[in-house]
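Here's the structure we're looking at; comments come further down.
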Amino acid sequence: MNAIDYKHAVVYQIYPKSFCSHAGHATGDIAGILTKLDYLSWLGVDYLWLTPVYASPQRDNGYDISDYYAIDPAYGSMGDLERLIAAARDRGIGIVMDIVVNHTSTDHAWFKAACESRDNPYRDYYLWRDQPNGWQSKFGGSAWHFHEATGQYYLHLFDKTQADLNWRNPRLRAAIFEMMRFWADKGIAGFRLDVINLISKDPTFADDDGDGRSRYTDGPAVHDYLQAMHREVFAGRELLTVGEMSSTRIDECVRYSNPERRELTMTFSFHHLKVDYPGGDKWQAAPFDFIELKRILSEWQTGMHDGGGWNALFWCNHDQPRVVSRFGDDGAQRVAAAKMLATALHLLQGTPYIYQGEEIGMRNPGFADIDSYRDVETLNIYREKVAAGVARDDIMAAIRQKSRDNGRTPMPWNDSLNGGFSTGEPWISLAPDWHEVNVEAARRDPDSVVHRYRELIALRKSLAVVRDGRYRCLSPDHARIWAYTRELADERLLVVCNFYGSSVDYRLTDDAIPRGWRHETLFGGTAPPPLLRLGPYEALVWRLRPYQN
Ligand code: GLC
């Protein structure tokens with residue numbers, strides 16, 4: 001496949017810390033990833049996105065980079081990474097590096113120099129103020145931390161060891177672009193850009209009536225910076241570039257990803273993953289709002305299509321709980337629910353991302369005790385809530401459902417020691433079901449989740465309608481069914497999914513299948529349209545074409 005044919009591509013996200021340890025250590029390594037390339041190639045994915053493997057004190061699992069040019073020894077060496085790039089390329093797979101340029105670790109040489117004095121040439125690589133404003137850190141508390149020795153506060157939208165960079169400084173921008181060219185020249189196939197829509201802050205640092213996010217989200221110069229990045233790094237190279245967009249809007253994402261604007265290839269947005277945040281509060285255990293989920297995904301499908309933008313499609317990543325536990329069923333109907341969720345997502349327009357373990361239907365581990373958790377965000381919130389007097393049971397119920405560690409348990413490869421992840425004691429426990437839910441068991445069973453993922457990946461490559469068809473929602477208000485079509489001139493897909501655990505009858509609207517068209521079953525479906533009976537978590541998919549074709 002052409003390296004930039006991202007419209008037919010599927011990306012697989014690897015969280016190296018939890019993927020596979022070749023060395024038998026607590027954390028995974030690059031050599032471990034190399035041993036799994038045959039599996040990934042069998043699955044059929046085109047790109048591997050690696051979350052950060054650069055040198056880092058690992059306060060935020062590598063999103064706190066202390067040296068952009070070095071590999072963290074826990075993951076291996078630059079030689080290992082070069083071997084991975086070459087071995088993946090031999091299998092037609094490109095490596096996408098995760099680049100964090102909104103902030104660096106406070107252990108980065110730039111920040112250390114910036115701390116030496118107020119007139120150090122690196123001072124202006126970061127954002128300093130005499131007084132904090134009201135902006136809040138996304139990991140809790142004020143976004144400003146006082147630096148005693150120089151008597152000023154620096155901005156950190158995330159942990160206090162992640163200092164925000166000053167993109168208004170042209171020297172900083174030049175240094176970032178140079179670093180990105182270094183990686184592009186290594187032969188990687190793309191970049192995933194961490195929280196990239198936060199890099200341009202309102203220079204007045206004014207407060208808003210909330211946590212400050214409206215002053216730095218999709219900020220004043222962000223499109224200029226990305227166009228500069230395109231000119232300086234992406235132009236003339238075949239790269240997939242995907243931006244992580246925090247609290248963004250559709251019109252902004254159209255701008256980021258419409259090819260005519262020369263910014264990025266596609267964007268991640270998160271609104272559809274906030275449907276279980278009651279009143280916007282992540283840290284409350286709550287069921288998800290299904291109607292809202294459909295509404296948001298439908299709006300993004302149509303808005304991005306019409307504006308010529310491109311969506312990155314995803315249910316899971318290293319910051320999210322497991323989707324089968326979240327929007328499906330992690331009990332008796334786990335397999336059906338995981339297949340249905342995969343089908344619903346992969347037949348939308350965009351580029352699907354599969355997060356390690358999603359393809360075997362991994363569930364949340366359900367850790368009951370705070371000592372089982374490792375994530376800085378989780379530990380901060382726990383401390384904050386305890387200090388505020390919230391009952392421990394309530395906090396733990398929310399953490400069990402929402403913690404980022406739900407998606408970070410080690411990948412279970414088989415039912416040997418530690419699921420084949422490592423011969424050493426893992427840095428975080430495996431999910432307790434690994435004897436049952438592991439790659440080897442999934443591959444052996446032809447009805448398992450992994451085979452559905454493989455079929456969906458293949459389908460995307462063979463059908464133009466999956467790539468180009470316009471999306472139309474048929475069931476916006478139905479309490480249990482998400483039905484949609486994808487429409488091209490003489491080809492349609494009809495997708496009908498039951499998001500709940502009991503059977504349901506559903507009558508298709510008259511316009512779902514044009515008169516005189518025939519239907520070919522792609523998934524499920526003994527009862528022909530228009531009167532459907534769907535089993536628990538069943539997904540039915542038809543390909544529709546006029547009779548003469
Ligand atoms: C992104 C990453 C997340 C990290 C944060 C700060 O949201 O996905 O893991 O904590 O940025 O870098």
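Values below: all heavy atoms of this structure, side chains included; hydrogens, waters and symmetry mates excluded. Numbering of ligands and ligand atoms starts at 1, following listing order.
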W315 to L341 - nearest heavy-atom pair and separation: NE1-O, 2.8 Å
Salt bridge flag under 4.0 Å for residues D433 and R363: yes
Report the nearest protein non-hydrogen atom to atom 8 (O) of ligand 1: residue, atom name, distance rounded to 0.1 Å. D319 OD2, 2.5 Å
In this structure, atom 4 (C) of ligand 1 is nearest to the protein heavy atom D60 OD2, 3.3 Å
Looking at ligand 1, does R192 have a heavy atom less than 4.0 Å from it? yes
Looking only at heavy atoms, which two atoms of R326 and F288 are closest? And how far apart? O-CD2, 3.6 Å
Shortest non-hydrogen contact from M179 toward I99: SD-CD1, 3.9 Å
Measure the distances from the heavy atoms of H103 to every atom of ligand 1 and state whether one is below 4.0 angstrom. yes
If you count heavy atoms of other groups shown closer than 6.0 angstrom to CZ of R392, is the number above 12? no
Note: heavy atom closest to atom 1 (C) of ligand 1, options D194, D64, T51, N61, belongs to D194
Number the atoms of ligand 1 from 1 as they appear, then name those within less than 4.0 Å of a heavy atom of F139, with their elements. 10 (O)
On the six-membered ring of W283, is K402 placed so that its NZ or CZ lies under 6.0 angstrom from the centre and within 45° of the ring axis? no
Are R404 and ligand 1 in contact, using a heavy-atom cut-off of under 4.0 Å? yes
Give the residue, atom name and distance (to 0.1 Å) of the protein heavy atom nearest atom 7 (O) of ligand 1. E244 OE2, 2.9 Å
Could you see which bit of E377 sits under 4.0 Å from ligand 1, with heavy atoms only: side chain, backbone, both or neither? neither
Between H103 and Y63, does the ring centroid distance fall short of 6.0 Å? no
